[in-house]
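A short worksheet on the structure shown next.
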Amino acid sequence: MHWKRLYIDSPVDGTICIVGHFLPNRSKPSIGLWKYCEFGDNSYWRTSNGDKIYCLSTDHWCDVEDIISAVEHRIMEEIKSELS
């Protein structure tokens, strides 16, 4: 599990992601659990209240399913090590 940069790799349309949205004039990113939407040449993040946040190449993201899988794997490893 690791952060991906949007200018290198973009999620599949409809993927739920944790996103760090970096605006040029702000020192801190906006962070949210948003759905990636692709419409032709345009892509945006859809927030839980339906707002659109247009993607920037500086955005960082991680697929929620990847996070869940990583946590699941770590828990299984801990259980296995305790049973040994």
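Because only heavy atoms are used, hydrogens play no part in the values below, and waters and symmetry mates are left out as well, while side chains stay in. Starting from 1, each residue takes its place in the sequence as its number.
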Problem set entry | Within the 6.0 Å centroid threshold, strictly below: W45 and Y36 | yes

Side chains of [X] and [Y]: closer than 4.5 Å at any heavy-atom pair?
X: I67; Y: C62; result: yes
X: D59; Y: Y7; result: no
X: K4; Y: D66; result: yes

For this session: Please identify each residue that fulfils side-chain hydrogen bond (donor to acceptor under 3.5 Å, both in side chains) with W34, with sequence neighbours left out.
Result: none

Approximate separation, where rounding is to 0.5 Å, of [X] [atom1] and [Y] [atom2]:
X: E72; Y: E65; atom1: CD; atom2: CD; value: 10.0 Å
X: I18; Y: W61; atom1: CD1; atom2: CH2; value: 12.0 Å
X: C55; Y: E38; atom1: SG; atom2: CD; value: 8.5 Å
X: H21; Y: L6; atom1: NE2; atom2: CG; value: 10.0 Å

For this session: Please name all residues satisfying side chain to side chain contact (heavy atoms under 4.5 Å, CB included) with R46, sequence neighbours left out, ordered by chain then number.
Result: K35, C37, Y44, K52

Exercise. Is atom CG of D41 surrounded by more than 12 heavy atoms (other residues, nucleotides or ligands) closer than 6.0 Å?
Worked result: no

Please tabulate, for side-chain N and O atoms in residues 22-33, each donor-acceptor pair with protein atoms closer than 3.5 Å (sequence neighbours left out).
none

